[in-house]
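Reading through the C-alpha cells given below for one structure.
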Amino acid sequence: FILPNGAQQSTKVKSNLYAGKLTFRASENQNLGFSVFGDPHTTTGPLTSQFTIAGPPSTYEGTLKQGGTDLVGHYSGIFGTSFVVNAEAGQHKEKILFGGAGTGIAELIDLTVSPNTQVGGFGFFSNEDYKRNVEKVDLSTFFSTHELKFGGDMEDLKGHLENYQGVAGPRISKPVRVGRIYSRHRY
C-alpha cells in the first residue's frame, strides 16, 4: 500500500474543553467552593501521532478517545477567634481508548523490503483508564504567637491498563539475517 504523490489524509479532532468555578459564602465565616476542569477529545482518521503510515489504512486509521475531568470541592470555616477548618475533596478521571478496524487485526511487519511495510492492524497500543480520589482536612488553632495545626489526607488511586501487542494474535516480523528470512513472533 502506497499513498500516491499529492494524496491527502485528514484527521478530525473534536475537543470539549471546559472549566468552571463557583464560590458560595455560606456565612460571614464559612466559604464553599466548587470547580470543574475537563479536556476530553476524540481523534478520528489517521492516528499518525501513534502509528506510521507504512501499510493499508487498517494499520494507522481509527479513533482515539482521551482526556479527563477534574472535580474539586473546598470548605473553609472560621470558628470563634482562633479556630480554622479547611476541607477539600477532589476527583481526577482520565482515559485513553483506541478504536477502529486495526484494534482487532494481527499485524505483520515485512522487514525484507526497504522501507519496511506493514499489513493487518495496529501494532502495540494500550487502553488506559485512571481514577484518583483525594480527601483532605486540616484544623488550626492559635495560641498567642503560635499556631497548632493538625490534619490528614487520603488518596485512592485506581488504574486499569490493557496493553495490546498484535491484538488478534502475535506481532509477526520478517527480518533478514545473513541472507536468510526469519519469522519473529512477539506475543
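The shown structure was predicted, so the numbers you read here are calculated from the model rather than taken from an experiment.
Residues Tyr75 and Phe83 share a single hydrophobic cluster, defined by chaining ILVMFWY side chains whose heavy atoms lie under 4.5 Å apart.
In the model, Asn86 has a side-chain atom that pairs as donor or acceptor with a side-chain atom of Ser76 under 3.5 Å. Side-chain atoms of His160 and Glu128 include no donor-acceptor pair closer than 3.5 Å.
Ser126 approaches Leu161 most closely through the heavy-atom pair CB-CD1, 3.9 Å. Taking both residues in full, the closest heavy atoms of Ser140 and Lys149 are given as OG-CG, 3.4 Å, listed atom of the first, atom of the second, then distance. Contact detail for Gly68 and Pro40: the closest heavy-atom pair is O-CD, 3.8 Å. Of all heavy-atom pairs spanning Pro56 and Gln118, the tightest one is CD-O, 3.2 Å.
Put simply, OG1 on Thr103 and CG on Asn127 are 8.0 Å apart, with the number rounded to the nearest 0.5 Å. Going from atom NE2 of His41 over to atom NZ of Lys65 covers 12.5 Å, rounded to the nearest 0.5 Å. Considering CG of Asp153 and CD of Glu88, their distance stands at 10.0 Å, rounded to 0.5 Å. With rounding to the nearest 0.5 Å, the separation of CD1 in Ile105 from OG1 in Thr59 is 9.5 Å. With rounding to the nearest 0.5 angstrom, the CD atom of Gln91 is 10.5 Å from the CZ atom of Arg132. Separating the CG atom in Leu32 from the OG1 atom in Thr23 is a distance of 9.5 Å, to the nearest 0.5 Å.
Between the side chain of Thr141 and the backbone N or O of Ser82 there is at least one donor-acceptor pair closer than 3.5 Å. Side chain of His74 to main chain of Val72: no donor-acceptor pair is present (N/O by atom type, distance under 3.5 Å, no hydrogens or angles).
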**Report entry** Verdict with supporting geometry, Val84 and Phe142, side-chain contact (heavy atoms from CB on, under 4.5 Å)
**Finding:** CA-CA 9 Å; Val84 178; Phe142 303 92; 4.0 Å; yes

Query raised in the report: When you look at Thr11 and Thr43, which way does the side-chain contact (heavy atoms from CB on, under 4.5 Å) test go after all the steps?
Result: CA-CA 7 Å; Thr11 298; Thr43 304; 3.3 Å; yes

Query raised in the report: When you look at Asp138 and Lys136, which way does the salt bridge (charged side-chain N to carboxylate O under 4.0 Å, His left out) test go after all the steps?
Result: CA-CA 7 Å; Asp138 67 68; Lys136 298 179 180 187; over 6 Å; no

Query raised in the report: Are Phe24 and Asn31 close enough, and set up right, to give a side-chain contact (heavy atoms from CB on, under 4.5 Å), and what steps lead you there?
Result: CA-CA 6 Å; Phe24 178 68; Asn31 291 318; over 6 Å; no

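Contact check on Lys158 versus Asp156 returns a salt bridge, with a Lys/Arg side-chain nitrogen under 4.0 Å from an Asp/Glu carboxylate oxygen.
Counting side-chain heavy-atom gaps under 4.5 Å among Ile, Leu, Val, Met, Phe, Trp and Tyr, the cluster of Tyr18 also holds Val36, Leu71.
Taking 4.5 Å as the limit, some side-chain heavy atom of Phe79 sits within range of a side-chain heavy atom of Gln30.
Classification of the Phe122-Phe98 ring pair by plane angle, with boundaries at 30° and 60°, yields perpendicular.
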